[in-house]
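Letters A, B, ... mirror the listed sequences (proteins, then strands); counts begin at 1.
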There are 2 protein chains.
Amino acid sequence: MADGRLTRDFGRIARYGRRMSEVRLTTPSFLVLGIIDKLGEASPYDVKVEAARTVAPFWSMPHAQVYAQCDRLLEAGLLSEVRQSGGRNRRLMRLTDEGAAALRGWLADPAFVPVEARERGILKLWFGASPRVHAPVQIEEHRRTLDGYEELAGDVGELLTRGQREALEFGIRYERMMVDFWQWVESREP
Amino acid sequence: MADGRLTRDFGRIARYGRRMSEVRLTTPSFLVLGIIDKLGEASPYDVKVEAARTVAPFWSMPHAQVYAQCDRLLEAGLLSEVRQSGGRNRRLMRLTDEGAAALRGWLADPAFVPVEARERGILKLWFGASPRVHAPVQIEEHRRTLDGYEELAGDVGELLTRGQREALEFGIRYERMMVDFWQWVESREP
DNA sequence: GGGGGATCATCTGCATCGGACGCTCCACAG
DNA sequence: CTGTGGAGCGTCCGATGCAGATGATCCCCC
């Protein structure tokens, strides 16, 4: 084995936009672009709130990151500042043509990046933790989020776009799978 | 809503060992501790290779990190250097009592940390990418890793510890779920 | 006795993390 | 009015994590 494939390939850097000061575009970059695209026009704060409201279960960023990304994207010319309303320097931003192109390029790119399931519970199992201790907590928590998702699907399911509905469906299946899995773990004879 | 819960709670820092220069123990720390515990005695390189061989699908670290973690853990007194065999400074390390206690504490702690499913594919769906483009690739790739896991389970299933077998089962269920999900996405009428 | 590939380790530069801190605005009480 | 407190909004910093390049040492085989 060549020097072990230990890394995560988190990056898979893209450079769809071809202009200006050459930034590396990472997934968080596209998260910001995607949200601003949805909102049309937004301040960093709007982005942050919207991210927390929507995509956080799939990909969250700490607050400070949002501002940093916006700076980077502005500098790279993928976003443009629309206006500064007075005192509080509230920057409203839009996608530039380059920004829109970059987003489209990313969305269209089917490149597969293998995921790791960063489940601490599973890791603990691997290292020999007691299923007795962990299973009940896991089942309870996954059931809770599963309920939340299902309620969401029932309540606002109609209002979602197709893609959003599908992402939600993924969440539901994931949580259902986890509940089943931990029940299976619990039920094994010791 | 108070200032949005946007963050990931990646940390959930622990401090089970109570000695010395106060390090923050993160999941990677316990990964290293867990592996050294399994191996009994190991150099950073051994840890890195073992990690790549085993837990990488659940939690991988880039090479450099392993060395950094070892340094931190040594300094904190959770690991001890056993010997330096000559020229190439090959440090062999063991868990100290504190290290073993820290690991036990972590393993016993059922605290639930919500996962994010950092699936780029799902994120792209959310933002409106075309299922037509992505589904076939995703199905293919997930099926491939699923096959790999199942083969593994067949081949060496007997040799694994209970926890390892369970972790593998998780992998299988996860991949199976993904294949089903993307097939469902693909099959929806447009 | 020296080339070359596997083994082992480190450095560097950047992205990201989390949490604390600091503004601005507005509501409402005094 | 004036003051004060909390929600809305933004920034900073130290620690950690990341990817890849690069540097050494070993050992096999010629």
Side-chain angles (χ1 to χ4, degrees), chain A residues 1-14 21-32 42-52 56 59-76 81 84-93 113 116 118, chain B residues 1-14 21-32 42-52 56 59-76 81 84-93 113 116 118:
Chain A
M1 173 172 54
D3 216 35
R5 278 280 313 107
L6 174 58
T7 48
R8 196 183 328 171
D9 194 357
F10 221 168
R12 197 62 76 89
I13 298 315
S21 45
E22 292 296 309
V23 231
R24 296 151 60 85
L25 297 181
T26 61
T27 307
S29 316
F30 292 110
L31 221 179
V32 169
S43 74
Y45 184 78
D46 297 333
V47 173
K48 159 187 158 180
V49 170
E50 185 66 6
W59 206 294
S60 80
M61 320 171 53
H63 39 307
Q65 270 304 107
V66 175
Y67 293 94
Q69 282 295 339
C70 289
D71 292 346
R72 278 154 45 65
L73 295 172
L74 277 167
E75 189 185 2
E81 221 149 350
Q84 300 231 30
S85 68
R88 178 183 312 210
N89 67 340
R90 189 157 158 46
R91 304 175 286 162
L92 290 187
M93 301 167 307
V113 178
E116 308 158 62
R118 291 211 151 195
Chain B
M1 173 171 54
D3 217 34
R5 279 277 316 107
L6 173 60
T7 50
R8 195 185 327 172
D9 195 357
F10 221 169
R12 196 61 76 88
I13 298 315
S21 44
E22 293 294 310
V23 231
R24 296 152 59 86
L25 297 181
T26 62
T27 307
S29 315
F30 291 110
L31 221 181
V32 169
S43 75
Y45 185 77
D46 298 334
V47 172
K48 159 187 157 181
V49 170
E50 185 67 7
W59 206 293
S60 81
M61 320 169 54
H63 37 308
Q65 272 301 107
V66 175
Y67 292 95
Q69 282 296 338
C70 288
D71 292 346
R72 279 155 42 66
L73 295 172
L74 277 168
E75 190 184 0
E81 220 149 350
Q84 299 232 28
S85 68
R88 178 181 313 210
N89 67 340
R90 186 154 161 46
R91 302 175 288 161
L92 290 187
M93 301 166 306
V113 179
E116 307 159 65
R118 291 210 152 196

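A:Thr27 is not listed as a side-chain neighbour of B:Arg118, based on a closest heavy-atom distance of 4.5 Å or more. Side-chain contact check for A:Asp71 versus A:Arg91: some heavy-atom pair is nearer than 4.5 Å. Residues B:Gln69 and B:Pro44 have side chains not in contact (no heavy-atom distance under 4.5 Å, counting atoms from C-beta outward). Counting heavy atoms from C-beta outward, A:Val47 and A:Leu31 have side chains that stay 4.5 Å or more apart.
What separates CZ of A:Arg91 from C1' of D:dT11 is a distance of 10 Å, to the nearest Å. Rounded to whole Å, the distance from CD on B:Glu50 to C1' on C:dC8 is 17 Å. Going from atom CG of A:Leu73 over to atom P of C:dA15 covers 12 Å, rounded to whole Å. Rounded to whole Å, atom C1' of D:dT16 lies 11 Å from atom CE of B:Met61. A:Gln65 places its CD atom 14 Å from the C1' atom of C:dG19, with the value rounded to the nearest Å. B:Leu92 places its CG atom 14 Å from the C1' atom of C:dT7, with the value rounded to the nearest Å. The nearest whole Å value for the distance from the CG atom in A:Leu25 to the C1' atom in C:dT16 is 16 Å. The separation between A:Tyr45 atom OH and D:dT11 atom C1' is 15 Å, rounded to whole Å.
Put simply, the side chain of A:His63 and the base of C:dG19 share a donor and an acceptor less than 3.5 Å apart.
Between A:Pro28 and B:Tyr67, the residue whose closest nucleotide on DNA chain C is further toward the 5' end is B:Tyr67. Along DNA chain C, the nucleotide closest to B:Ser43 and the one closest to A:Gln69 are compared, and the more 5′ of them pairs with B:Ser43.
Here A:Arg24 does not reach the OP1 or OP2 of D:dA19: none of its side-chain N or O atoms lies under 4.0 Å away. Put simply, A:Arg118 has no side-chain N or O that comes within less than 4.0 Å of OP1 or OP2 on D:dG17.
At the heavy-atom level, A:Ala64 lies under 4.0 Å from base atoms of the strands shown.
Applying the side chain to side chain donor-acceptor pair (under 3.5 Å) test to A:Gln65 and every residue at least two apart in sequence or in another chain returns nothing.
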